[in-house]
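Position 1 is the first residue of the sequence; numbering continues from there. Every heavy atom of this structure was used, including side-chain atoms; hydrogens, water molecules and symmetry mates were not. Numbering of ligands and ligand atoms starts at 1, following listing order.
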Amino acid sequence: MDEQMDEQANEQANEQAGEHVGGHREPAGGAVPRTVIENCAVAVVDAVGTEYARGHIVVAGQVIESVGPGPAPKDLEHVVRRVDGTGHLATPGLVNTHHHFYQWLTRGLAQDSNLFDWLVELYPTWARIDEPMVHAAASGSLAVMARGGVTTAMDHHYVFPRGAGDLLGAEIRAAAELGVRFTAARGSMDRGASDGGLPPDFAVESTEEALRATEEAVDTHHDPSFGSMLQIAVAPCSPFSVSTELMREAAELARRKGVRLHTHGSETVEEEKFCHELFGMGPTDYFESTGWLGADVWMAHCVHMNDADIAAFARTGTGVAHCPSSNARLAAGIARVPDMLAAGVPVGLGVDGTASNESGELHTELRNALLINRLRGGEKAMDARTALRLGTYGGAQVLGRAAEVGSLEPGKLADLVLWKLDGLAHASIADPVAALVFGAAAPVTLSLVGGRPVVENGRLVHADEDAIARRTREQARRLARIAGLA
Ligand SMILES: [Zn+2]
């Protein structure tokens, strides 16, 4: 990528004794610094699917000021950086809608199991995690995703061993260190094996403790403002690990606090059977009976949904985090994403925990979502533009942030990615969106979160990848030792 400082603005900034802020040269006197990106293809991902074969984006401060065809408007003031995007595609930053960071330390285990067998094998190890482990795991998970174009991350953390330290705080710290926008879903489990649940009793909290800690997390960390870097969601783990009382009271808590609700739903046939046996109804009816359908709710997976379930999600605006790789890894099945979209259900993409999706990358899920949905629904089931929309705008919708991120429209936050498509892997594909989705995982030349660079030339700006890799290896070994695996 060729890049140059705008000489005039540079001199002006120097004259005004400007200073560096976040890698930018900040003009003095309160002027808003501009970054100009030109000569790239642009996929806006707005309501009408606007694309420019060669266009520009102007970023002013933390927001997008203008997007359009051809070069940027002339005579812009306070331009502190010009990026020549020749050979690149600009898209909104990717939004991940489901993950479990701590699993970064338990990848490659239970390799040939379905969900319930996989959980039963891993719960005893997960019950030994502590704060340094979760910080390392979160750093590794976030680093890989950020390097692959994720600008908004989320994590669903639901294992809180007694005396393990501030696990949610460890994740929040890791996201802040990397400069990524973050939704932390405070999960919980209170239905241990002795109450008919799947997790062992030693891996669960009491109902009261789970609710108290969740409320405290919201009060301490949730920032609802425009451009917020940190939001909290209320997230009991799943029907088979959470009491009905906790489901109900968690929904009430979230609504009282004005935050979103997240859980796992309809992931496997075994879960469906469990719900029928224990509650006398399927998962979607159970969610409805506990206050868990609504425009402030999103659920991971939703693989086993009948027409009535999909209609209920559409009617209530309940969102879905589609996790194609994890569903394939655990042989859970294929979610009916085209039917959900046709019905008007908001759908985003999720990596899911990396113990069931070892790659941990979201940009590869664009391709996997397209391929897997075609296996179920035929060659017209999903196209490349729809896959890109799921990974950007769809994700923003389910996280409740579609007014701020998810498309490259003026006034929205400058969360965007420049994908390098003129290299060996992509250069012969004429359609840039097809190159990004059908092709190999594309390198990220630049990604911005609120106008601030997070990735430059394929490397993280704010963190040392090698140091994170070392730390994750050490902590994974420590966990294996403590859990008696090594
Ligand atoms: Zn999950």
Would you call the rings of H156 and H100 parallel, tilted or perpendicular if under 30° counts as parallel and over 60° as perpendicular? tilted
Distance alone, cut at 3.5 Å: any donor-acceptor contact between the side chains of S243 and E245? no
With distance as the sole criterion, is a donor-acceptor pair present between the side chains of S241 and S238 under 3.5 Å? yes
Under 2.8 Å from the Zn ion (ligand 1), can any N, O or S atom of C323 be found? no
Counting backbone and side-chain atoms alike, is an N, O or S atom of D352 positioned under 2.8 Å from the Zn ion (ligand 1)? yes
Rounded to 10 degrees, what angle sits at the Zn ion (ligand 1) between H98 NE2 and H100 NE2? 100°
Looking only at side chains, do W298 and T97 share a donor and an acceptor under 3.5 Å apart? no
